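Here the structure is laid out as structure tokens; the discussion comes afterwards.
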Amino acid sequence: MAPVNQPKDKKHEKTHEHRSEEAKSAGKRKLDCEGLENVPLAKKLFLRKTSKAQEKIGWNRGGTVMKNTRAFFHQPKWQRSIVHYVYQNMLGGSIRAQLRQCLQLPFLRSLTSYRLFRTASPFDRRVTCLEWHPTHPSTVAVGSKGGDIILWDYEVLTKTCFIKGKGPGDSLGDIKFSPYEAVKLYVASGDGTLSLQDLEGRAVQVISRAPDCGHENHNVCCWYCSVDVSASCRAVVTGDNLGNVVLLSTSGEEIWRLKLHKKKVTHVEFNSRCEWLLATASVDQTVKIWDLRNIKDKANFLHVLPHDKPVNAAYFSPTDGAKLLSTDQRNEIRVYSCSDWTKPQHLIPHPHRQFQHLTPIKATWHPRYDLIVVGRYPDPKFPGYTVNELRTVDIFDGNTGEMVCQLYDPNASGIISVSFNILIWSREEMVMKKQEHLLKAMTEQGIGSRSLSRRGGQKQTNPGTSTLKAKLLSWEVEEMGTKPKDSKSRGWK
DNA sequence: ACCTTATGACCCC
DNA sequence: TGGGGTCCCTAAGG
């Protein structure tokens, strides 16, 4: 399935184990490691993209897979055939750059057949952030403008968990799964707190509070906008709307707080392969690369990457941590390489301009290929604009900068970035199969009939499959009984 | 059909 | 450095 706009699966590879000796002692060169052997099996098994292939061939059965996999891994390199790599790829393991390139092609071919699989609109405000579950392949955590968080397994009808937010002012800038306990989420909120939320209902732990501005309405002037967690450093970074970056221990002790940017820090991120490397992005139109071992003030960054507009995000590539993908607030996507931070390797023109009432659009990496996924917001002022230009999800090759695919489904009206609804895409044949499966479950549970009537005006494209599709597309998490009664929902147009 | 609400970024004093 | 006004121009709910 295709990441909608914010897959951010980097944490799959971001965790402790890989950042071993080499990463610790190394500089930039070590970023480019190809090592597949060190990747823990558990990680390989659960990388999101693998799930479909696994299901298809019935290999998704814990113990057996582990054994087989282990056998494969212990083959000497020279004995390995393409089968080994294909298999390894299916399991989500990291692969050599060349092979990744070669496997990318069939993946791209399958991408063109991706269709909307399921949607959910569980919030009364727009979606502001999304994170894939670190180990469960079909589960996402999604945060809203009102502070709500939903944990949703879209392969199953009734598996969700909903944490109600505080409403206005509790806008969630960013969420990250704890690398230690997957039931916990670090949450940066517009109410000024950085907290560790528990998805199983245990008490919320406030990790940090943005400085009090002294006004009546406490904290309204300062709030955290972004978070990241490093398992190996046992550290959390966060950035606020005034340009401060804070480094904390995972339990909340403040290590330092420095004003590293002139304006809002939209994104902070640890590098997955090099534990001391940190990237920050800001509306001050810069991305800065830092050496965590040596941060004193705003001037002693390793590199500045000046942009022409405010920057929404700067993500390290999950494949090797050696590239950085930035999105500005108008029409540029950039790919930088750690081999030369002085200029972007690719400057991709792309319309995704900032608008007050839209969640900022952020180009993100596919978790296993150097592919870039980004929502298009057609702009009459953008060169090449046409009147009927669609609000697609665009996919670019991160190595060439070429656009390789556009996803579009008329059922998903509006701007298809992380914005108003949660959209899950999957391969067409899988969509059919899975929708049938889910529909059967719905009928069995006697819960299929009311969703259609409640939701007028949905456009249907194919009369043959429309009923089925409409039911699943309009299916709301609300009907699973997890949505609070006082929360109004948004349906499909 | 029309109005309201929604804590973004920038410019100016 | 901070408050007020303006512009960017979506989308749902009443």
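Since this is a predicted model, take the numbers as computed values, not measurements. Below, read A as the first sequence line, B as the second, and so on, with proteins coming before strands; counting in each chain starts at 1.
- A:Arg125 has no side-chain polar atom (N or O) that falls below the 4.0 Å cut-off from OP1 or OP2 of C:dA11.
- Here, C:dC9 and B:dT5 have their C1' atoms 15 Å apart, quoted to the whole Å.
- Contact annotation: A:Lys145 does not reach the phosphate of C:dA12 (side-chain N/O to OP1 or OP2, under 4.0 Å).
- Within 4.0 Å of A:Gly190, counting heavy atoms only, lies no atom of the nucleic acid at all.
- Comparing B:dG8, B:dA9, C:dT10 against the side chain of A:Val283 picks out B:dA9 as the nearest.
- The side-chain ring of A:His357 is not stacked on the base of C:dA11, judged by centre separation under 5.5 angstrom and plane angle under 30 degrees.
- One can place CD1 of A:Ile415 at 20 Å from P of B:dA6, the figure rounded to the nearest angstrom.
- Contact annotation: A:Tyr377 side-chain N/O to C:dT10 OP1/OP2 distance is under 4.0 Å.
- Put simply, the side chain of A:Gln356 and the base of C:dC8 share a donor and an acceptor less than 3.5 Å apart.
- Nucleic acid contact class of A:Arg391 (heavy atoms, under 4.0 Å, all strands): sugar-phosphate only.
- Distance check on atom P: C:dC8 versus B:dC2 gives 22 Å, rounded to whole Å.
- Side chain of A:Gln285, nearest nucleotide from B:dT7, C:dC8, B:dC10: B:dC10.
- Aromatic ring centres of A:Tyr315 and A:His267: separated by under 6.0 Å.
- Not one N or O on the side chain of A:Ser249 forms a donor-acceptor pair closer than 3.5 Å with the backbone of A:Ala235.
- Checking the phosphate oxygens (OP1, OP2) of B:dA9, a side-chain nitrogen or oxygen of A:Gln329 falls inside 4.0 Å.
- Checked against the 6.0 Å centroid threshold, A:Phe301 and A:His303 do not count as a close aromatic pair.
- With hydrogens and angles disregarded, no donor-acceptor distance shorter than 3.5 Å links the side chain of A:Asp198 to the backbone of A:Val204.
- A donor-acceptor contact closer than 3.5 angstrom links the side chains of A:Thr319 and A:Asp370.
- A:Phe420 has its CZ atom 15 Å from the P atom of C:dC9, to the nearest Å.
- The phosphate of B:dA9 (OP1 or OP2) has a side-chain N or O of A:Lys264 nearer than 4.0 angstrom.
- Of the candidate nucleotides C:dT10, B:dA6, B:dG8, B:dG8 has the atom lying nearest to any side-chain atom of A:Trp223.
- If you measure from atom CG of A:Leu242 to atom P of B:dG8, you get 12 Å, rounded to the nearest angstrom.
- Residue A:Lys263 has a polar side-chain atom (N or O) positioned under 4.0 Å from OP1 or OP2 of B:dC10.
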